[in-house]
Amino acid sequence: MGWYEKLLPSRIRASGGGSRKIPEGLWHKCPACAAVLYRPELEESLDVCPRCGHHLRLSARRRLDLFLDGGGREEIGGNLESADFLKFRDSRRYRDRLADARKHTGESEALVVVKGALEGRALVAAAFEFGFIGGSMGSVVGERFKLGVERCIGDGVPLVCFSASGGARMQEALVSLLQMSKTGAALARLARRRLPFVSVLTDPTMGGVSASLAMLGDIVVAEPGALIGFAGPRVIEQTVRERLPEGFQRSEFLLEHGAIDMIVPRAEMRARIASMLSLLAPPPQA
Amino acid sequence: MHSEHLDFEQPIVELEQKLEELRRLVSRGEVDLNPEIEQLEQKCRKLTKQIYDDLTPWQTAQLARHPRRPYTLDYIGALLTDFEELHGDRHYLDDPAIVAGIGRFGGRPIAVAGHQKGRDTEEKVRRNFGMPRPEGYRKAARLFRLAERFRLPVLTLIDTPGAYPGVGAEERNQSEAIAANLQLMSQMETPVVSVVIGEGGSGGALAIGVGDRLLMLQYSIYSVISPEGCASILWKDANKAAEAAKALGITPQRLGELSLVDEIIPEPLGGAHRDFKAMTARLRDSLEAQFNQLANLPPQQMLDDRYRRLTEVGHFKHV
C-alpha cells in the first residue's frame, strides 16, 4: 500500500491473517457527531467518541476482550454451526447469507460465549455479533446461550450477556421464535440456583432478543444511547401514524420509564458489574 | 356478505346459495327437487374437498384469519361451564385483547387465557384486533400464578397477529412483559396446553404459548413474523406474502414435519367456521386426552420433560 492510500479516509480493510478480522481503517467517522476520528485513538477510548461520547458498536470478540480479564478463556459451543434446514430462500439463499456473514465477521455465528474471569472471578460471558445477520437469534445462538447457562449452573458461576440484535432470525422461521422460550427456560433454571444474570443491552437490542433473554436479567444494564425495544421504530410509526417522541426507545428513555436498572458507560462496565456480582453472590472461597 | 368470504371460497358459496334456493322451493311444496338437491349437495362437498385438499400456505393463512372464524370466547363458551372472566393486570388497565378466567372443563376446574379478536368494527377496535399490550400479558401472568397456586391446569388459546407495536406498549416495556411470561410458563408447576386456533403471530403468540403441549387446528398458522412482514423485509415487497408464507413453513403440517407441534386437530370440511359444533367436539376430545396424559405424570417429571421440550428446539451441526 502506498503512503497516500494510508492518508485517504479508508474503508474497511481486513487485518491480515488470524481468525480475528476486526475491520480496520485508519480514520473512522463518528456516526453521531460525524467527527473524523483517528482509529488508534478511538480504540484507546474503547470505541467511545472522544468528542460526543457516542458509544460505537463493538464486535463480539472486542466486547469480550474489553470486558474480561486477559487469558484463561474457554469458548463454549464454538463448534456449533447453522444448518439451513428449511432451505430458506428469499431474494438470496440463507446459506449464502451465512457464508457471507462468516466471511465478513470472522465468526461462525451471531453469539460468542466464553468461560473467563472478571477481576479474578470466574464467570460465563456472552456477546452478540451484530455484524452476523444483524445479530439475529437462530438455533446456534439459542443453543450456545443455553450451553452457557448450563455451564454457569454446573460451575456455580454468574452469567453476563451483552445483547446486540435485531431479533429472531427469520430464515429459521418458527424455530428461531422458539429460541425465545428456550433461552427463557434456561434462565429460569439459573434463577432457581440463585446464580446472578447481568444483562447488558447495547445498541441495538430489539425484537425477539429484547423480549426474551435480554429483559430477563436480575440486573438489566444499558450502554448510553442504545436503541432498545420490542417493535422497531418504523413499524410503530406505520402503525400509529404519528411522529415518535424524541429519544424514543433509547437507553435514557427506558431508564426514565422504569424498564432498566441503570445506564453504565463503557469505561465503567467492568468495575461496576464486578462490584454488583460480588454484592449478589460472593465468589466461593478458594 | 361478500367480504365475509375468501376468494377461493367463492365457488362453494355460490353452490350453497343455489342449494338454498332449491330448498326454499321444496319447502313451499311446489316441486319435488330432492334428487337435484342431493346431486348438488354431493357436488358441493366434492368441490369443497377439492379446494381444501390443495390449499397453499398463504390460503391457510387467510383461513386462519377468516372473519367468521371462531374466536377464544366462542370456544370458552362451548367447552367450559361456570366460566368467570378475570380482568386487569392490577397495575394499569384491563387489556381486552387477552381474555383470562377460570371455569370447568369436563367438570374439573381449569384456568384459561387466550387472545380475543373482535367480530364487528366496534369490538375489533376495542379488542385492538387481538394485539395485546403489556397489560394483557401481565393479566395472563397473574392468571398463571393463580392457577399454579391452586393446582389448576392451564389452557391457552392463541389467535393474534402479534403483540401491539405502539408507543405506550413500548413505554410500559412490552419486551419485559413477553419475556417474563416465557420464563414463568417454563417452570409453572401445573400442566399447560396451548392451542393455536387461528393466527400464531410471533412473540405475541409465544408469550402465552409456552408449556407441555402445543396443538394446532388444521387451518391455523404459527410464524416468527407475518408473511406480509417477512415479504416486505426480505423481499422488499409486501406483495410477495404468498412466497414468504411458503418459505416460512407456517402451516401445522409443515411445523409437524419439523416436530414443533404435538398434535394437529383436523377441522370440519371447509374450516372451523363451517361447523363449529363438530370443531368443538374434536377439540374437546383432544384436550381431554392431553390433560389426562399430563395429570398422570409426576410433577417433577412433567417439569423435566417440559424443560427438555423447550430447550431441545434447534437445528445445527457440530463442526
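Since this is a predicted model, take the numbers as computed values, not measurements. Hydrogens, waters and symmetry mates are skipped; everything else that's a heavy atom, side chains included, is used. Letters A, B, ... mirror the listed sequences (proteins, then strands); counts begin at 1.
The backbone N or O of B:Glu312 lies less than 3.5 Å from no partner atom in the side chain of A:Lys182, so there is not a single donor-acceptor pair. In this structure a side-chain-to-backbone donor-acceptor pair under 3.5 Å is missing from B:Glu170 to A:Phe248.
Heavy-atom distances place the side chain of B:Leu258, and not its backbone, under 4.5 Å from chain A. Using a 4.5 Å cut-off between heavy atoms, B:Ser202 touches chain A through backbone and side chain atoms alike. Heavy atoms of A:Arg97 lying under 4.5 Å from chain B belong exclusively to its side chain. Proximity to chain B is limited to the backbone of A:Arg89, based on heavy atoms less than 4.5 angstrom apart. No part of B:Arg172 comes within reach of chain A, as not one of its non-hydrogen atoms sits under 4.5 angstrom from that chain. Contact annotation for A:Glu237: neither backbone nor side-chain heavy atoms come within less than 4.5 Å of a heavy atom of chain B.
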> Between B:Phe316 and A:Val141, is a side chain to side chain contact (heavy atoms under 4.5 Å, CB included) present by the stated rule, with each step listed?
Replying inline: CA-CA 10 Å; B:Phe316 40 80; A:Val141 169; over 6 Å; no
>> Assess the residue pair B:Val167 and A:Ile236 against the criterion (side chain to side chain contact (heavy atoms under 4.5 Å, CB included)); give the C-alpha distance rounded to whole Å, side-chain angles, the decisive distance to 0.1 Å, and a yes or no.
In response: CA-CA 7 Å; B:Val167 174; A:Ile236 297 172; 4.1 Å; yes
>> With side chain to side chain contact (heavy atoms under 4.5 Å, CB included) as the criterion, how do A:Leu80 and B:Lys317 come out once you've worked through the C-alpha distance, each side chain's angles and the decisive distance to 0.1 Å?
In response: CA-CA 6 Å; A:Leu80 302 175; B:Lys317 50 192 184 200; over 6 Å; no
>> Please evaluate residues A:Leu86 and B:Arg254 with respect to the criterion side chain to side chain contact (heavy atoms under 4.5 Å, CB included), reporting the C-alpha separation (whole Å), side-chain torsions for both, the decisive distance (0.1 Å), and the verdict.
In response: CA-CA 10 Å; A:Leu86 290 174; B:Arg254 186 77 185 99; 3.6 Å; yes
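For A:Arg193, the CZ atom sits in a loose shell: 12 or fewer heavy atoms of surrounding residues, nucleotides or ligands are nearer than 6.0 Å. Other residues, nucleotides and ligands contribute over 12 non-hydrogen atoms within 6.0 Å of the CD atom of A:Glu75.
Note on B:Leu182, B:Asn181, B:Thr311, B:Asp237: by heavy-atom pairs under 4.5 Å with chain A, the leading option is B:Thr311. Most heavy-atom pairs under 4.5 Å with chain B: of the set A:Gly142, A:Ser91, A:Ser181, this distinction falls to A:Ser181. Comparing A:Leu216, A:Asp84, A:Leu178 by how many heavy-atom pairs each has under 4.5 Å with chain B, the most go to A:Leu216. Heavy-atom pairs under 4.5 Å with chain B peak, among A:Met180, A:Arg189, A:Met170, at A:Arg189. For the options B:Val210, B:Leu206, B:Ile225, heavy-atom pairs under 4.5 Å to chain A are most numerous at B:Leu206. Of the residues considered (B:Ile178, B:Val224, B:Leu184, B:Ile250), B:Val224 shows the highest number of contacts with chain A, using heavy-atom pairs under 4.5 Å. The candidate from B:Leu310, B:Leu234, B:Leu260 with the greatest count of non-hydrogen atom pairs under 4.5 Å with chain A is B:Leu234. Between chain A and the options B:Leu248, B:Leu255, B:Ile233, the largest number of non-hydrogen pairs under 4.5 Å is found for B:Leu248. In terms of non-hydrogen atom pairs under 4.5 Å with chain A, the most contact-rich of B:Gln187, B:Gln174, B:Glu176 is B:Gln187. The choice from A:Gly184, A:Ala168, A:Ala185 that makes the most heavy-atom pairs within less than 4.5 Å of chain B is A:Ala185.
The two residues A:Met215 and B:Ala179 come nearest to each other via the heavy atoms CB-CB, 4.1 Å. Here the shortest heavy-atom pairing between A:Leu177 and B:Ser223 reads CD2-O, 4.3 Å. The shortest heavy-atom contact between A:Phe88 and B:Cys230 is CZ-SG, 4.4 Å. Closest heavy-atom contact between B:Val313 and A:Gln179: O-NE2, 3.2 Å. When all heavy atoms of B:Gly314 and A:Ser139 are compared, the closest pair comes out as CA-OG, 3.4 Å.
Two residues are said to be in side-chain contact when any heavy atoms from C-beta on lie closer than 4.5 Å; A:His257 and B:Asn173 fail this criterion.
A:Asp90 has no carboxylate O lying under 4.0 Å from a charged side-chain N of B:Lys246, or vice versa, which leaves the two without a salt bridge.
Here NE2 of B:His315 is found 12.0 Å from OG of A:Ser82. Values are rounded to the nearest 0.5 Å.
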